[in-house]
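The first residue of the sequence shown is numbered 1, and numbering continues consecutively from there.
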Amino acid sequence: MLNMKLLNVGVVLALTLGLAGCATDIMRGYVGRTPQDLMARYGPPNNVFDMPDGRRAYQWLQISESTSAGSEETRTRWVERRDGRRERVTATQINPPTSERKKCYYTMYAHRGPGGTWIFDGFEQPEFGC
């Protein structure tokens, strides 16, 4: 049972790291391009603000929600009583449903290019788990 839990944790961790890598690769692919290129694919940003260094930050928010249905695990074992007889003991563990909500911010930075067009030149590394 413990090995199965460790395996599940390992799989979740590997997927999380893999997905974080994917987000970084996608963001890196927009460096050198205009905000309109990114907006055409992902819609308008949730926030746009000017930075003290003259660059402009564009920020997209992704909210993901997940719910588990819960589970029930029943174990039965035989125990020996003091009188020498064997008795069957059954225990049930109930794991209630759970919900999780995760907010992920994706921030791209841009500078003014020729003709006043904003061009992405960098991004913030997405938070772990995004």
Stacked cation flag Arg33 on Phe120, 6.0 angstrom / 45 deg: no
Atom pair CD/CG of Glu73 and Asn95 - distance to nearest 0.5 Å: 7.5 Å
Disulfide (SG to SG under 2.5 Å) contacts touching residues 29-127 (sequence neighbours left out): Cys104-Cys130
Evaluation steps, side chain to side chain donor-acceptor pair (under 3.5 Å), between Thr117 and Thr34: CA-CA 7 Å; Thr117 304; Thr34 68; over 6 Å; no
Gap separating the OG1 atom of Thr24 from the CD atom of Gln125, nearest 0.5 angstrom: 3.5 Å
Considering all heavy atoms, the nearest Asn46-Leu61 contact: OD1-N, 2.8 Å
Linked, directly or transitively: Val48 and Met39 (ILVMFWY side chains, under 4.5 Å): yes
Heavy-atom pair of closest approach, residues Ala110 and Asp121: N-OD1, 4.0 Å
Rounded distance [0.5 Å steps], CG in Asp50 versus CZ in Arg55: 11.5 Å
Atom pair CG/CZ of Asp37 and Arg41 - distance to nearest 0.5 Å: 12.5 Å
Spacing of CD1 belonging to Ile119 relative to OH belonging to Tyr30, to within rounding of 0.5 Å: 14.5 Å
Within one Ile-Leu-Val-Met-Phe-Trp-Tyr cluster: Phe123 and Trp118, side-chain cutoff 4.5 Å: yes
Derivation and outcome, side chain to side chain contact (heavy atoms under 4.5 Å, CB included), residues Tyr109 and Arg56: CA-CA 6 Å; Tyr109 298 106; Arg56 182 168 283 176; over 6 Å; no
Short side-chain to backbone donor-acceptor contact, Arg81 and Arg85, under 3.5 Å: no
Spatial distance of atom CD (Glu100) from atom CD (Glu65) [nearest 0.5 Å]: 10.0 Å
Residue pairs involving residues 36-98 (criterion disulfide (SG to SG under 2.5 Å); sequence neighbours excluded): none
Glu127 side chain reached by Lys102 side chain, heavy atoms, under 4.5 Å: yes
Nearest atoms (heavy-atom pairs only) where Tyr106 meets Ala23: CE2-CB, 3.8 Å
Closest heavy-atom pair and its distance - Val31, Met108: N-CE, 4.3 Å
Other residues, nucleotides, ligands: >12 heavy atoms within 6.0 Å of Arg77 CZ: no
Step-by-step side chain to side chain contact (heavy atoms under 4.5 Å, CB included) determination, Asn47 to Trp60: CA-CA 7 Å; Asn47 297 306; Trp60 283 262; over 6 Å; no
ILVMFWY network linking Tyr58 to Tyr105, side-chain heavy atoms under 4.5 angstrom: no
Short side-chain donor-acceptor distance under 3.5 Å, Thr74 and Thr92: yes
Side-chain heavy atoms of Gln59 within contact of Phe49, under 4.5 Å: yes
Minimal non-hydrogen separation, Met27 against Thr107, with atom names: CE-O, 3.4 Å
